[in-house]
Each structure stands twice: as structure tokens, then as C-alpha cells.
2 protein chains.
Amino acid sequence: MTSTSARELEHPQCGEIRLEAVLHALSDPMRLQIVRYLATLGRDGEAPCSAIDLVVTKSTSTHHFRVLREAGVICQIYRGTAKMNRLRREDLDGLFPGLLGTILDADAAQCRRLGDGH
Amino acid sequence: MTSTSARELEHPQCGEIRLEAVLHALSDPMRLQIVRYLATLGRDGEAPCSAIDLVVTKSTSTHHFRVLREAGVICQIYRGTAKMNRLRREDLDGLFPGLLGTILDADAAQCRRLGDGH
DNA sequence: CAGCTTGTACGATACATGGCGTACTACGGT
DNA sequence: ACCGTAGTACGCCATGTATCGTACAAGCTG
């Protein structure tokens, strides 16, 4: 077999990404928290699932990452024992210019307004 | 009683509008269709529920309008036998600058891409 | 190899959601 | 007073979602 190691994950292609799915994925506080964190890493920054301190069990966490991946919001690849997560900024901006940024700004505004310790 | 007629509807105040709820409200195709339509009416344009041709029964339609209202996306008032709907653009733009516009643009882009007869 | 760390898979559960139908209310016109 | 139009309320049902726990798999590292 070619060397593109096992443990590949399914990702929607750009053309398959649906706005409704993206909005739905981002409409959950926990998933928004994940995206907010990934966004702080800058272009192409990536982080393992464990980098984000979610207050749920691992299986629930896996579930939320999966929803984000299947909606086309993040891209996940295995790197050793970890699974790295990265925002699909380029793809999203290509399809929906400014959407991700605007939502992140809105989220930041709301955190500020509600006094959430970002 | 004062003349502020009966049949008033509950609307979240600006401070109560939550980003997650707004995104959730907009993550349904039917609700997005409603918002898309209201957006074509221009600032302060309003339309009765019946103006939008949804392919569901009246009760389901009522349900979707209610979700939009409770999320703070639209404002509804009774006018005679009709119930008029209006986008809360000002309020939303105040809280989340550019959000509504960007989502509408993204939706338009997707409709174009998928060849939806808008 | 043995054990630790990461994360998955699967089943259970509780609740939310979207859809329907039917019965009802409120208002305007005749 | 009556009818038609617009929309609500409520109950029902099927499906989806968020959560958990337990059992497991894949890689590092000693």
C-alpha cells in the first residue's frame, strides 16, 4: 500500500460543505469554545483534542470534534497518538467569505459583554 | 387598561440575545429561507407569516417563526388578523456587527453555487 | 514487553426538534 | 350575526442530540 498511513479520517470536500451544517456546528457552546481556541493558534495552527479543557468526558468531546469535522469546520489528522485539529479557514473563507471571522468576532463581543473569562 | 393592545408577544431584549441561539435559529433551511425573504424587504420591511411559501403546515410554520423570535432574530407584532414579521437588524448589528449580513451573503453564495432558484 | 496516554466505538438514556393533525381564538368584512 | 382568513395551542410521533460509562485500539516510552 502507499504510505498514506492508515487511520485516515473522512472530511467533506469544499463543494460538500453546507452553510446550515456549519451554523449548526457553531451553535453549540462547547463547539464554539473549540473553534475559538483553534482560532487563537493562527493560520494553520493545530492542537490535539486534549489541548482544550472541555468539562465533559472524553467520549462527549470526541463527539463534538466529529460534528465539527463532518460540518467541514475543522480538519483532523492523526499524528502519533494524538489527533491534531486545525480550522479549515481557507476552505471556509473560499465558500463563505468573512463568515468565520465575523462569527468569531461576534463570539468575542459576547464573551466581553457577558464577562466570560474568555 | 392602557391601549397597548392585547396579544403582545415575548421578545428577548437585546441584552438577552445569545449568539448560539441566533446561529441555531439560522441553521435550519426553512428558517434561513424566512430570514432570506425578510432581508429582501429592506430596512424595517415587514411581512405576514403567510407571505412566505413554506412547504409545511401552518403549525410547523408557526413553530419556526417562534424559534426565530425567541432567538431574537425577528420581531413579530399583530396587525389586525395578520402577524407581521421584521428582521431585528439594528439590534443584531449592534450586538454582532456584520453577522447577519455575512450569513445572508454566505447563503446567497451557496444558493448560487448549488443552483437553487433563490 | 508493559504500561501510559490519546482518542474511538458502542450502547443507554434523557431531552430537544421538526413534523403532523385537530381544535381553537382573534380579527375583519359582509 | 356570520363567515372567512391568519395564526395558536396542544398532543402525538419519529428522529436527532448531548451526555455518560465501559471496553477497546494505536502509539510512545521506559
Side-chain angles (χ1 to χ4, degrees), chain A residues 1 3-11 18 20-35 37-38 46-86, chain B residues 1 3-12 18 20-35 37-38 46-71 73-86:
Chain A
M1 304 158 193
S3 64
T4 42
S5 79
R7 301 234 279 161
E8 282 287 320
L9 288 158
E10 289 283 316
H11 289 80
R18 301 290 267 98
E20 300 88 315
V22 171
L23 294 179
H24 176 250
L26 297 178
S27 72
D28 179 279
M30 197 152 294
R31 293 194 290 260
L32 204 44
Q33 181 186 344
I34 293 172
V35 171
Y37 176 80
L38 293 178
E46 53 182 32
C49 298
S50 57
I52 303 154
D53 202 23
L54 300 175
V55 294
V56 287
T57 60
K58 282 191 299 173
S59 35
T60 302
S61 165
T62 295
H63 161 71
H64 286 302
F65 276 99
R66 184 220 282 252
V67 171
L68 286 170
R69 171 168 48 81
E70 293 183 341
V73 177
I74 64 173
C75 143
Q76 302 188 287
I77 51 171
Y78 285 106
R79 235 192 254 313
T81 146
K83 188 183 196 173
M84 305 303 283
N85 302 276
R86 185 170 57 74
Chain B
M1 304 165 191
S3 63
T4 43
S5 79
R7 299 232 279 162
E8 282 288 319
L9 288 159
E10 290 283 317
H11 288 81
R18 302 289 267 98
E20 299 89 316
V22 172
L23 295 179
H24 175 250
L26 298 179
S27 72
D28 179 279
M30 196 152 293
R31 292 193 293 259
L32 204 45
Q33 180 186 344
I34 293 171
V35 171
Y37 176 79
L38 293 178
E46 53 183 32
C49 298
S50 57
I52 304 156
D53 200 23
L54 299 175
V55 293
V56 287
T57 61
K58 282 193 300 176
S59 35
T60 302
S61 162
T62 296
H63 161 70
H64 286 301
F65 277 99
R66 185 220 281 254
V67 171
L68 286 170
R69 171 167 50 84
E70 291 182 344
V73 178
I74 65 173
C75 144
Q76 301 189 287
I77 50 173
Y78 285 104
R79 233 192 257 313
T81 144
K83 189 183 195 174
M84 305 304 282
N85 301 277
R86 185 169 56 75

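Quick caveat: nothing in here was measured; it's all calculated off a predicted structure. Lettering of chains follows the sequences in order, A, B, ..., and the numbering in each one begins at 1.
- Rounding to whole angstrom units, CD1 of residue B/I77 and P of C/dC27 are separated by 14 Å.
- The side chain of B/A82 has D/dG7 as its nearest neighbour among C/dG18, D/dT5, D/dG7.
- In this structure the side chain of B/R66 never reaches within 4.5 angstrom of the side chain of B/H63, judged on heavy atoms.
- Here the side chains of A/I34 and A/L54 are in contact, with some heavy-atom distance below 4.5 Å.
- Side-chain contact between B/E70 and B/E10 is absent, with no heavy-atom pair separated by less than 4.5 Å.
- The shortest distance between the side-chain N/O atoms of A/R31 and the OP1/OP2 oxygens of D/dA18 is below 4.0 Å.
- In this model, the phosphate group of D/dG7 is approached by a side-chain N or O of B/S50 to a distance below 4.0 Å at OP1 or OP2.
- With C/dC20, C/dT6, D/dG7 as the choices, the nucleotide that has an atom nearest any side-chain atom of B/V56 turns out to be C/dC20.
- Remark: the A/S59 side chain and the C/dG7 base include no donor-acceptor N/O pair separated by less than 3.5 Å.
- Taking side-chain N and O atoms only, A/H64 has a distance below 4.0 Å to OP1 or OP2 of D/dT19.
- Whole-Å rounding puts the B/K58 NZ to D/dT5 C1' distance at 8 Å.
- A close approach under 4.0 Å does not occur between any side-chain nitrogen or oxygen of B/T60 and OP1 or OP2 of C/dG18.
- The distance from atom CG of A/L54 to atom C1' of D/dC20 is 15 Å, rounded to the nearest whole Å.
- When the P atom of D/dC13 is taken as reference, atom NE2 of B/H63 falls 18 Å away, rounded to whole Å.
- Closest-nucleotide positions on DNA chain D for A/H24 and B/A51 were compared, and the one nearer the 5' end corresponds to B/A51.
- A/D28 is listed as a side-chain neighbour of A/H64, based on a closest heavy-atom distance under 4.5 Å.
- For the pair B/I52 CD1 and D/dA6 P, the computed distance is 14 Å after rounding to whole Å.
- In this entry the distance linking CG of B/L68 with P of D/dG7 reads 15 Å, nearest Å.
- Residue A/T57 places at least one side-chain N or O under 4.0 Å from the OP1 or OP2 atom of D/dC20.
- For the pair B/E46/B/C75, no side-chain contact is recorded, criterion being any heavy-atom separation below 4.5 Å from C-beta on.
- Taking atom CZ of residue A/R69 and atom C1' of nucleotide C/dG7, one finds them 12 Å apart after rounding to whole Å.
- For the pair A/M84 CE and D/dA26 C1', the interatomic distance rounds to 16 Å; values are reported in whole Å.
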